[in-house]
Amino acid sequence: MPISIKKLSGADAADYRDLRLDGLSKNPEAFGASFEDESPLSVDDFAQRLEGGAVFGARLDGETALVGAVGLRIPVASKTKHKGAIWGMYVRSDMRGKGIGAALIRHVLDYAKPLVEEVTIIVGASNIAAHKLYIKMGFEQYGFERRALKVGQTYYDEVLMSVVLNPPTEQ
């Protein structure tokens, strides 16, 4: 299944908003954000988010709708700018198991490599498929947070993972 991945811009805001709200509504336990908080945001709000960051979208070749997306946040603070954080990773449920998630992660890690030494990600402890994918991509668990998210009256644990892209040189 040929896919294309590109950095999204303001022109992609409507498609990205649609994908993001799909993820937040269908998998609320997978995101720190909520559908209730983000659904009132306009396409312009999403355009500003895309213009101010690094969000990558996957499309099936020849199609216009996004089937997956992932963001990368790189801090500007001098003590933490060596580490990037993946956020908002999502692949539509009918597109899972086709290699799109792996392609998105590979793409964002390639993008991050010249910019940061390490990349972190947080994954729901119950999301076994995502956990396996991140391990396959070189991530290792470094922490576990109990009751990290609360959706309604249900708590969700999260696994903290990282991958070193550019090990520091010995001095």
Side-chain angles (χ1 to χ4, degrees), residues 1 3-8 12-50 52-60 63-74 84-109 111-112 119-163:
M1 167 174 302
I3 62 166
S4 60
I5 298 174
K6 74 169 192 131
K7 187 174 179 191
L8 300 179
D12 301 298
D15 290 337
Y16 176 65
R17 182 181 186 276
D18 179 58
L19 179 75
R20 177 91 171 147
L21 294 179
D22 182 68
L24 294 173
S25 67
K26 291 181 179 169
N27 299 104
E29 76 289 350
F31 300 94
S34 72
F35 181 84
E36 294 74 21
D37 291 339
E38 294 209 6
S39 61
L41 300 178
S42 69
V43 170
D44 286 341
D45 293 326
F46 277 84
Q48 288 177 2
R49 180 182 296 175
L50 293 174
V55 178
F56 303 91
R59 290 182 168 87
L60 300 179
E63 300 289 324
T64 57
L66 288 170
V67 295
V70 62
L72 177 69
R73 184 173 295 114
I74 300 175
I86 290 176
W87 64 273
M89 174 66 183
Y90 180 66
V91 175
R92 288 192 192 273
S93 56
D94 60 335
M95 292 285 116
R96 294 180 188 156
K98 301 177 187 306
I100 295 168
L104 281 164
I105 293 296
R106 195 172 313 107
H107 190 90
V108 78
L109 293 178
Y111 177 87
V119 173
T120 62
I121 193 164
I122 299 172
V123 61
S126 62
N127 191 342
I128 304 304
H131 195 136
K132 286 181 180 180
L133 169 64
Y134 302 140
I135 289 171
K136 180 179 164 188
M137 303 300 291
F139 285 83
E140 295 179 355
Q141 181 175 332
Y142 70 88
F144 187 88
E145 185 178 355
R146 296 191 189 288
R147 297 168 44 116
L149 299 176
K150 184 177 180 183
V151 180
Q153 296 304 310
T154 304
Y155 293 95
Y156 294 92
D157 300 336
E158 291 184 331
V159 176
L160 291 71
M161 304 180 82
S162 68
V163 62

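- In this structure, Val55 and Tyr16 approach most closely via the heavy-atom pair CG1-CE1, 3.7 Å.
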*Should Phe31 and Glu38 be marked as a side-chain contact (heavy atoms from CB on, under 4.5 Å) after you check the CA-CA gap, both sets of side-chain angles, and the distance that decides it?*
CA-CA 11 Å; Phe31 300 94; Glu38 294 209 6; over 6 Å; no
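- The CG atom of Leu160 sits 6.5 Å away from atom CD of Glu145, with the distance rounded to the nearest 0.5 Å.
- Judged as a side chain to side chain contact (heavy atoms under 4.5 Å, CB included), and not counting sequence neighbours, the contacts of Arg59 are Ser4, Lys6, Leu8, Asp12, Asp15, Leu66.
- Remark: side-chain polar atoms of Asp45 are paired, donor with acceptor, to backbone N or O of Ser42 under 3.5 angstrom.
- Asn127 places none of its side-chain heavy atoms less than 4.5 Å from the side chain of Tyr156.
- Taking the side chain as every heavy atom from C-beta outward, Ile135 and Met137 never approach each other to under 4.5 Å.
- Residues Gly138 and Val163 approach most closely at O-CG2, 3.4 Å, considering heavy atoms.
- Across all non-hydrogen atoms, the minimal contact from Leu133 to Gly101 is CD2-C, 3.9 Å.
- Atom CZ of Arg17 sits about 11.0 Å away from atom CG of Asp44, to the nearest 0.5 Å.
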*Hey, mind stepping through Leu19 and Arg92 against side-chain contact (heavy atoms from CB on, under 4.5 Å) and telling me if it holds?*
CA-CA 8 Å; Leu19 179 75; Arg92 288 192 192 273; 3.6 Å; yes
*Show your working on side-chain contact (heavy atoms from CB on, under 4.5 Å) between Ile3 and Lys98 and close with a plain yes or no.*
CA-CA 10 Å; Ile3 62 166; Lys98 301 177 187 306; over 6 Å; no
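- In this structure, the side chain to side chain contact (heavy atoms under 4.5 Å, CB included) partners of Ser25, at least two apart in sequence or on a different chain, are Phe35.
- Closest of all the heavy-atom pairs between Gly32 and Leu149 is CA-CD2, 4.0 Å.
- The backbone N or O of Ser39 lies less than 3.5 Å from no partner atom in the side chain of Arg20, so there is not a single donor-acceptor pair.
- Summarising the geometry, atom CG belonging to Leu72 is positioned 6.5 Å from atom CD1 belonging to Ile86; distances are rounded to the nearest 0.5 Å.
- One finds the NE2 atom of His107 at 5.0 Å from the CZ atom of Phe56 (value rounded to the nearest 0.5 Å).
- When all heavy atoms of Leu24 and Ser34 are compared, the pair lying nearest together is CD1-O, 3.8 Å.
- Counting heavy atoms of neighbouring residues, nucleotides and ligands inside a 6.0 Å radius, atom NZ of Lys150 exceeds 12 of them.
- With sequence neighbours excluded, the residues that form a side chain to side chain contact (heavy atoms under 4.5 Å, CB included) with Phe144 are Ala125, Gln141, Arg146, Asp157, Val159.
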*asked:* Using side-chain contact (heavy atoms from CB on, under 4.5 Å), reason through Met95 and Leu60 one step at a time and then give a plain yes or no.
replied: CA-CA 10 Å; Met95 292 285 116; Leu60 300 179; 4.1 Å; yes
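- Between Gly68 and Leu104, the shortest heavy-atom distance links the atoms C-CD1, 3.7 Å.
- Counting only heavy atoms from C-beta outward, the side chains of Arg106 and Ile5 never approach each other to under 4.5 Å.
- In this structure the side chain of Val70 never reaches within 4.5 angstrom of the side chain of Tyr111, judged on heavy atoms.
- Between the NZ atom in Lys26 and the OG atom in Ser93 there is a gap of 4.5 Å [rounded to 0.5 Å].
- Atom-to-atom distance recorded for Tyr90:OH and Asn27:CG is 5.5 Å, nearest 0.5 angstrom.
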